Amino acid sequence: MRNPKSFYLRTYGCQMNELDTEIMAGILKKRGLEQVQEEENADLLIFNTCSIRDLAERKVMGKLGQLGRSKKRAAIIGVTGCMAMAKKESLFKKLPHIDFVLGTNNITDLDLVLDEVLKGETQKIKTDLKFEENLDYLVASRESKTSAHISIIRGCDKFCTYCVVPYTRGREVSRPGADIENEVRKLAGEGYKEITLLGQNVNSFGKDKPESKELFHDLLYRLDKIDGIERIRFLTSHPVDITYELMQAIRDLPSVCEFVHFPIQAGSDRILRKMHRIYTKSQYLEKVALLKETVPGVSLGTDIIVGFPTETEAEFQETYDVFKEIGYSVAFLYTYSPRQGTPAMRWQDDIPEEVKEERHQRLLELFHETSAKEREKLVGETVEVLFEKRNKTNMLKGRTRCWKKVIADGPDSLLGTLQKVKVHSFNHETLLGTVIA
Ligand code: 5AD
Ligand code: SF4
């Protein structure tokens, strides 16, 4: 097989996958390959996949099937990410034209596997369940020069009954705090202004390493001290692990943004129990109340699944009501999708797709209404925006501390800087404003 000179990487799914893609891009660039944006021009194609819902998997399978049918396939093809973990060798049966499969914990093996494929070995696969401690985060080749994703903990020990993540990403393993600090210092030196700390449950950080005595809020205190980093964000939080210490850190640390994404998933206690979310609606609401009291002006984000097995109309209504009561500014709304290997597979997927879709639609409408009202309230206000890039109409584009999208006119010199912007109007998802000199 001929030595590849260029590569094309496509990411599906979550921010952790996006970061893994940036690490793979770094490994390949170090090898001397050039990244291209068009798959037709690449000698190596890698699809970094997602298994969270059936739709995510079908998209990739469709894409890979189509590649196999096209005649001019001289390129090397690799499949990485969660689907690699969920489907393993069976991928080669369905897609005999793919050359290698690398799991979520085998990114460091990319060089090695590529060498083997180039020697003529076929259908190479590595899918370890155990996290690779020696993954070199510093090699990552990031798209943004302003805002960076940083992995702080991988895997998940929560085992919600619907979710494949504990099986595709394994148990929780935290990175040493000092390594994270090193990486953030390096990025600050390169001019990065914002970091987003990533984990399936960032609030578990440090619990798997009791000897280090550093928990998530301690890590925030450590990172807040780094000069140059103006904003620290984090994703995702499991509601039971949100502590008062964390709320105080959000309140007291200047760089930590006043936004918490902590998915409620459902509003009915019976469904929450069946999902194994380990909190009740009222426990969740208590956290919301304490958070709002401790961090005035905090914005909240959530994920919701509608149509979980046996969910009644009245139970969906409880989700709808609690969603309305809390008033989220960010929401990802999903219809339930049964996943192979999860405990929820033992229950019949009994809610018809039309019913799931109709519930999804109702919640979406409510979300659009409440978030439009939220944007309307900001008209006339001044917000702080970190400008990251230009949009299609050549306007500067950025976000507020609370994750609101803002666009404004201005010169290139404002890219990568924090600016005060006076909001004058809004559209369906963006605030429009003027930079205040
Ligand atoms: N079906 C639908 N949504 C799911 N999620 C996770 N697993 C499933 C599933 N089987 C959603 C949850 C989670 C988000 C990342 O994806 O809401 O928080
Ligand atoms: Fe999945 Fe639950 Fe873990 Fe989130 S907390 S990754 S939903 S198992």
Side-chain angles (χ1 to χ4, degrees), residues 11-18 49-59 81-83 85-86 104 129 131 151-174 196 198-205 207-208 216 234-242 260-268 271-279 284 287 300-311 316 319 322-323 328 330-351 353 355-357 359-360 363-364 367:
T11 316
Y12 297 81
C14 67
Q15 284 92 347
M16 194 65 97
N17 257 14
E18 283 169 16
T49 62
C50 170
S51 285
I52 201 85
R53 298 188 321 129
D54 184 48
L55 186 67
E57 287 197 343
R58 269 190 285 139
K59 268 193 208 159
C82 286
M83 247 174 83
M85 300 299 284
T104 50
L129 236 201
F131 175 65
S151 163
I152 64 160
I153 177 168
R154 290 191 175 238
C156 184
D157 289 354
K158 286 287 187 288
F159 289 93
C160 301
T161 53
Y162 50 80
C163 186
V164 285
V165 168
Y167 313 98
T168 59
R169 288 199 170 263
R171 295 298 83 74
E172 287 171 359
V173 183
S174 305
T196 304
L198 296 183
Q200 260 65 47
N201 180 17
V202 287
N203 308 88
S204 285
F205 175 80
K207 290 184 184 166
D208 55 311
F216 182 54
F234 53 90
L235 278 175
T236 292
S237 296
H238 191 289
V240 290
D241 294 325
I242 296 213
V260 184
H261 190 81
F262 68 138
I264 189 169
Q265 307 292 3
S268 132
I271 295 295
L272 285 171
R273 217 170 27 251
K274 223 172 148 65
M275 287 178 162
H276 190 243
R277 286 296 287 179
I278 55 178
Y279 53 81
Y284 185 93
K287 292 255 163 140
L300 305 177
T302 194
D303 297 345
I304 299 230
I305 300 176
V306 299
F308 193 70
T310 73
E311 180 188 67
F316 165 72
T319 302
V322 80
F323 188 90
Y328 293 104
V330 173
F332 297 99
L333 311 174
Y334 304 96
T335 54
Y336 171 69
S337 164
R339 309 312 296 133
Q340 207 67 47
T342 61
M345 277 295 282
R346 65 175 180 259
W347 302 306
Q348 198 196 340
D349 178 20
D350 60 343
I351 310 298
E353 288 307 313
V355 176
K356 285 183 191 168
E357 215 23 76
R359 290 177 187 170
H360 183 242
L363 211 49
L364 207 56
F367 179 56

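Just so we're clear, the structure is a prediction, and the values are computed from it rather than from any experiment. We count ligands from 1, going down the list as the structure has it; atoms in each ligand are counted the same way.
- With ring centers used as reference points, Tyr328 lies under 6.0 Å from Phe323.
- Considering all non-hydrogen atoms of both residues, Ile264 and Thr302 come closest at N-OG1, 2.9 Å.
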Quiz item: Yes or no on side chain to side chain contact (heavy atoms under 4.5 Å, CB included) for Cys50 and Thr11, after CA distance, side-chain angles and deciding distance?
Solution: CA-CA 8 Å; Cys50 170; Thr11 316; over 6 Å; no
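- Checking only distances, Asp303 does come within under 3.5 Å of ligand 1, N or O to N or O.
- Proximity of Ile52 to ligand 1, defined as any heavy-atom pair under 4.0 Å, is shared by backbone and side chain alike.
- Between the side chain of Asn201 and the backbone N or O of His238 there is at least one donor-acceptor pair closer than 3.5 Å.
- Look at Val165 and you'll find every heavy atom at least 4.0 Å from all atoms of ligand 1.
- Thr49 places a side-chain N or O within 3.5 Å of a backbone atom of Met83 that can act as its donor or acceptor partner.
- Considering every non-hydrogen atom in both Ser204 and Lys158, the closest pair reads OG-NZ, 4.1 Å.
- Considering each of Phe262, Tyr334, Tyr336, the one bringing a non-hydrogen atom nearest atom 11 (C) of ligand 1 is Tyr334.
- Ranking the protein heavy atoms by distance from atom 17 (O) of ligand 1 puts Gln265 OE1, 2.7 Å first.
- Note on ring orientation: taking the six-membered ring where Trp is involved, the planes of Tyr284 and Tyr279 are tilted (angle from 30° to 60°).
- Using a 4.0 Å cut-off between heavy atoms, Cys156 contacts ligand 2 through its side chain alone, with no backbone atom that close.
- Atom 1 (Fe) of ligand 2 lies under 2.8 Å from an N, O or S atom belonging to Cys163.
- Considering only non-hydrogen protein atoms, atom 4 (C) of ligand 1 sits nearest to Ile305 CD1, 3.6 Å.
- The six-membered or imidazole ring of Tyr167 lies near that of Phe159, with a centre-to-centre distance under 6.0 Å.
- Near Phe159, meaning under 4.0 Å from any of its heavy atoms, are these atoms of ligand 2: 8 (S).
- Ranking protein heavy atoms by distance to atom 7 (N) of ligand 1, first place goes to Tyr162 CD1, 3.3 Å.
- Judged by distance alone, the side chains of Glu311 and Tyr336 never bring a donor and an acceptor atom under 3.5 Å apart.
- Shown in contact with Pro166 at under 4.0 Å from a heavy atom are these atoms of ligand 2, numbered in order with element: 8 (S).
- Here Thr335 has backbone heavy atoms under 4.0 Å from ligand 1, and that is the only part of it that gets that close.
- Interface of Arg277 with ligand 2, defined as ligand atoms under 4.0 Å from a residue heavy atom, comprises 2 (Fe), 5 (S), 7 (S).
- Closest to atom 7 (S) of ligand 2, if we only count protein heavy atoms, is Tyr162 OH, 3.3 Å.
- Near Cys160, meaning under 4.0 Å from one of its heavy atoms, ligand 2 places the atoms 2 (Fe), 5 (S), 7 (S), 8 (S).
- Look at Arg154 and Asp208 and you find no salt bridge, because none of the NZ, NE, NH1 or NH2 atoms lies under 4.0 Å from a carboxylate O.
- Taking every heavy atom of both residues into account, Arg53 and Thr335 meet most closely at NH1-O, 3.1 Å.
- Looking at Asp241 and Lys207, a side-chain N of the basic residue comes within less than 4.0 Å of a carboxylate O on the acidic one, giving a salt bridge.
- Near Gln200, meaning under 4.0 Å from one of its heavy atoms, ligand 2 places the atoms 6 (S).
- Atom numbering of ligand 1 starts at 1 in the shown order; those under 4.0 Å from a heavy atom of Arg339 are 10 (N).
- Closest to atom 3 (N) of ligand 1, if we only count protein heavy atoms, is Arg53 CD, 3.5 Å.
- For atom 9 (C) of ligand 1, the closest heavy atom belonging to the protein is Ser337 O, 3.6 Å.
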